[in-house]
**Q** 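Structure in structure tokens, see below.
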Amino acid sequence: MAQGSAAVPSTELLEWPKKDNRRLLHAVYRVGDLDRTIKFYTECFGMKLLRKRDIPEEKYSNAFLGFGPEESHFVMELTYNYGVTSYDIGTGFGHFAIATPDVYKMVEDIRAKGGNITREPGPVKGGSTIIAFVKDPDGYVFELIQRDSILDPLCQVMLRVGDLDRAVKFYEKALGMKLVKKVDRPEYKYSIAMMGYAEEHETTVLELTYNYGVTEYTKGNAYAQVAISTDDVYKSGEVVEHVIQELGGQVTRKPGPIPGLNTKITSFLDPDGWKTVLVDNEDFLKELGN
């Protein structure tokens, strides 16, 4: 626990994240060739290009891709920085996951288009769920998971953490997430915790993975953050500050509007250094033109 004279927060404030209107909005990461990645995701994964913007004065471009509109679906926000063709993914980032009714067929289609299959389709170790793994052109890993019922195919972001109990507490307290599933696999020396705002099959979740004895990972410079919606950036930011005092982490941007855009956000690092951005719900919808 951090020492200091910070005021004790009210119970009402600490309960706010559970009452807030939250969902995972998008994952942000960097790619070396925007058009190449758009082509791969649309042709191999079946994603749609939802919007694209170029900011020449700041020397970068963005593309948003997903399986449905940003108002209701989790999407990928790809960033291309002018002249930078490759990035270091690091050892901490795990994978994204896509749910599909037929993993075997999806792998067949991806292979036919020249995709890199790194794990052939088949049951997960010690279970019956059919999975496969694919690498995109930048080296990001995508797990394909076979499911009969799919609300949003972009279903997971997997990150490795050095202390699973601490990470679970952080995401529960700071972000109001629920622990929807926890699995310990001592035979393979790892444990996972699925964190989200609804059950695993109903929403996109963060899959936090702890590998026995590994307390730190390299972050690289490729994967950036996830964005989550909130009805009150200021109140949410206040909660995050209190939780960081207890469990660790760092505020990287105080709550307030982004210059030029006026969307209110706050951002912070969790105890393992993974970044989250909280985005005002109304401002986000205005950005989308709603």
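Here, residue 1 is the first one in the sequence, and each next residue gets the next number. The figures that follow rest on heavy atoms only: side chains count, while hydrogens, waters and symmetry mates do not. Everything numeric here is computed off the predicted structure, so don't read it as measured data.
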**Q** Are the side chain of Lys39 and the backbone N or O of Leu34 linked by a donor-acceptor pair below 3.5 Å?
**A** no
**Q** With the threshold set at 4.0 Å, does a side-chain nitrogen-carboxylate oxygen contact exist between Lys189 and Asp184?
**A** no
**Q** Listed by chain and number, what are the side chain to side chain donor-acceptor pair (under 3.5 Å) partners of Lys105, not counting sequence neighbours?
**A** Asp109
**Q** Look only at the side chain of Arg160 and the backbone of Thr91, and say whether a donor-acceptor pair between them is shorter than 3.5 Å.
**A** yes
**Q** When you check the side-chain N and O atoms of Asp283 and Thr263, is any donor under 3.5 Å from an acceptor?
**A** no
**Q** Between the side chains of Tyr210 and Asp163, is a donor N or O closer than 3.5 angstrom to an acceptor N or O?
**A** no
**Q** So that I can tick it off, tell me whether Asp272 and Arg166 are bridged by a salt bridge, with the cut-off set at under 4.0 angstrom between side-chain N and carboxylate O.
**A** yes
**Q** Output the distance between atom CG (Leu25) and atom CD (Glu70), rounded to the nearest 0.5 Å.
**A** 8.5 Å
**Q** Let me check something: do Met76 and Leu206 share a hydrophobic cluster, defined by ILVMFWY side-chain heavy atoms less than 4.5 Å apart, either directly or through other members?
**A** yes
**Q** Would a distance-only check, ignoring hydrogens and angles, find a side-chain to backbone donor-acceptor pair under 3.5 Å from Asp136 to Thr37?
**A** no
**Q** Taking all heavy atoms of Tyr87 and all of Gly32, pick out the closest pair and write down the distance.
**A** CE1-N, 4.4 Å
**Q** Just verifying a value: how many Å separate Ser267 OG and Gln250 CD, rounded to the nearest 0.5 Å?
**A** 9.5 Å
**Q** Report the C-alpha separation of Glu246 and Lys173 in whole Å, then their side-chain angles, then the decisive distance to 0.1 Å, and conclude whether the salt bridge (charged side-chain N to carboxylate O under 4.0 Å, His left out) test is met.
**A** CA-CA 10 Å; Glu246 178 192 351; Lys173 290 185 171 186; 2.9 Å; yes
**Q** Run the ring-ring contact (aromatic ring centres under 6.0 Å, His included) test against Phe133 and tell me which residues pass, sequence neighbours left out.
**A** His95
**Q** Tell me whether the guanidinium CZ or amine NZ of Arg22 lies under 6.0 angstrom from the six-membered ring centre of Tyr197 and within 45° of its axis.
**A** no
**Q** Using modelled atom types and a 3.5 Å cut-off, is there a donor and acceptor pairing between side-chain atoms of Thr79 and backbone atoms of Asn62?
**A** no
**Q** Where do Glu143 and Gln156 land on the side chain to side chain contact (heavy atoms under 4.5 Å, CB included) test, with the steps shown first?
**A** CA-CA 9 Å; Glu143 181 180 12; Gln156 290 176 7; 3.6 Å; yes
**Q** Once salt bridge (Lys or Arg N to Asp or Glu O under 4.0 Å) is applied, do any residues pair with Asp35, and if so which ones, sequence neighbours excluded?
**A** Lys52
**Q** Remaining members of Val180's ILVMFWY cluster at a side-chain heavy-atom cut-off under 4.5 Å?
**A** Val183, Tyr188, Tyr190, Ile192, Met194, Val205
**Q** Taking the six-membered ring for Trp, are Phe96 and Tyr29 ring centroids under 6.0 Å apart?
**A** yes
**Q** Between Glu238 and Lys254, does a salt bridge (charged side-chain N to carboxylate O under 4.0 Å, His left out) hold up when you go through it step by step?
**A** CA-CA 9 Å; Glu238 202 178 334; Lys254 293 274 192 183; over 6 Å; no
**Q** For a quick test of reading the model, state the closest non-hydrogen atom pair linking Thr203 to Ala198 and the distance between them.
**A** CG2-O, 3.4 Å
**Q** Mark yes when over 12 heavy atoms from residues, nucleotides or ligands other than Asn21 sit less than 6.0 Å from its CG; otherwise mark no.
**A** yes
**Q** Is there a donor-acceptor contact under 3.5 Å linking the side chains of Tyr82 and Asp54?
**A** yes
**Q** If you apply the rule salt bridge (charged side-chain N to carboxylate O under 4.0 Å, His left out), what do you find for Lys113 with Glu43, and how did you get there?
**A** CA-CA 8 Å; Lys113 293 179 173 77; Glu43 292 185 359; over 6 Å; no
**Q** For Asp232, what residues pass the salt bridge (Lys or Arg N to Asp or Glu O under 4.0 Å) criterion, not counting sequence neighbours?
**A** none
**Q** Would you confirm whether Arg253, through its side chain, and Gly256, through its main-chain N or O, come within 3.5 Å as a donor-acceptor pair?
**A** no
**Q** Is it the case that atom CD in Glu202 sees more than 12 heavy atoms from other parts of the structure closer than 6.0 Å?
**A** yes
**Q** When hydrophobic residues are tied together by side-chain contacts of less than 4.5 Å, even through go-betweens, does Tyr104 share a cluster with Val134?
**A** yes
**Q** Is the distance between the ring centroids of Phe93 and Trp274 less than 6.0 Å?
**A** no
**Q** Treating Asn221 as the side-chain partner and Asp88 as the backbone partner, does any N or O pair qualify as donor plus acceptor under 3.5 Å?
**A** yes
**Q** Do the side chains of Glu287 and Leu285 get nearer than 4.5 Å, heavy atoms only?
**A** no
**Q** Can the ring centres of Phe142 and Phe45 be said to be less than 6.0 Å apart?
**A** yes
**Q** Applying salt bridge (Lys or Arg N to Asp or Glu O under 4.0 Å), name anything that partners Asp231, two or more places apart in sequence or on another chain.
**A** none
**Q** Do Tyr223 and Met47 share a hydrophobic cluster (ILVMFWY, side-chain heavy atoms under 4.5 Å, transitive)?
**A** yes
**Q** In Å, rounded to the nearest 0.5 Å, how long is the span from NE2 of His26 to CG of Leu50?
**A** 12.0 Å
**Q** Whether the side chain of Ser229 engages the backbone of Asn281 through a donor-acceptor N/O pair (distance < 3.5 Å, no angle test) should be reported.
**A** no
**Q** Might you work through the salt bridge (charged side-chain N to carboxylate O under 4.0 Å, His left out) test for Asp138 and Arg36, ending with a clear yes or no?
**A** CA-CA 9 Å; Asp138 289 278; Arg36 177 185 67 185; 3.3 Å; yes
**Q** Between Ile98 and Phe64, is there a shared hydrophobic cluster once you connect ILVMFWY residues whose side-chain heavy atoms come closer than 4.5 Å?
**A** no
**Q** Scan side-chain atoms only and decide if Asp280 and Tyr234 contain a donor-acceptor pair under the 3.5 Å cut-off.
**A** no
**Q** Could you walk me through whether Val240 and Leu278 pass the side chain to side chain contact (heavy atoms under 4.5 Å, CB included) test, one step at a time?
**A** CA-CA 10 Å; Val240 167; Leu278 289 166; 4.3 Å; yes
**Q** What is the distance from atom CD1 of Ile228 to atom CD1 of Ile265, rounded to the nearest 0.5 Å?
**A** 13.0 Å
**Q** Checking the side chain of Arg119 only, and the main-chain atoms of Ile131 only, is there a donor and an acceptor separated by less than 3.5 Å?
**A** yes
**Q** Quick one, His242 with Ile244, criterion side chain to side chain contact (heavy atoms under 4.5 Å, CB included). Give me CA distance, side-chain angles, the key distance, then yes/no.
**A** CA-CA 5 Å; His242 284 293; Ile244 282 173; over 6 Å; no
**Q** Are Gln225 and Thr276 packed together at the side-chain level, in the sense that at least one heavy-atom pair is separated by less than 4.5 angstrom?
**A** no
**Q** Would you say Ile145 ends up clustered with Val103 if hydrophobic residues are merged whenever their side chains have heavy atoms under 4.5 Å apart, either directly or through other cluster members?
**A** no
**Q** For Glu12, which of Lys19, Lys18, Lys235 qualifies under salt bridge (Lys or Arg N to Asp or Glu O under 4.0 Å)?
**A** Lys235
**Q** For the residue pair Leu175 and Phe268, establish whether any side-chain heavy-atom pair is separated by less than 4.5 Å.
**A** yes
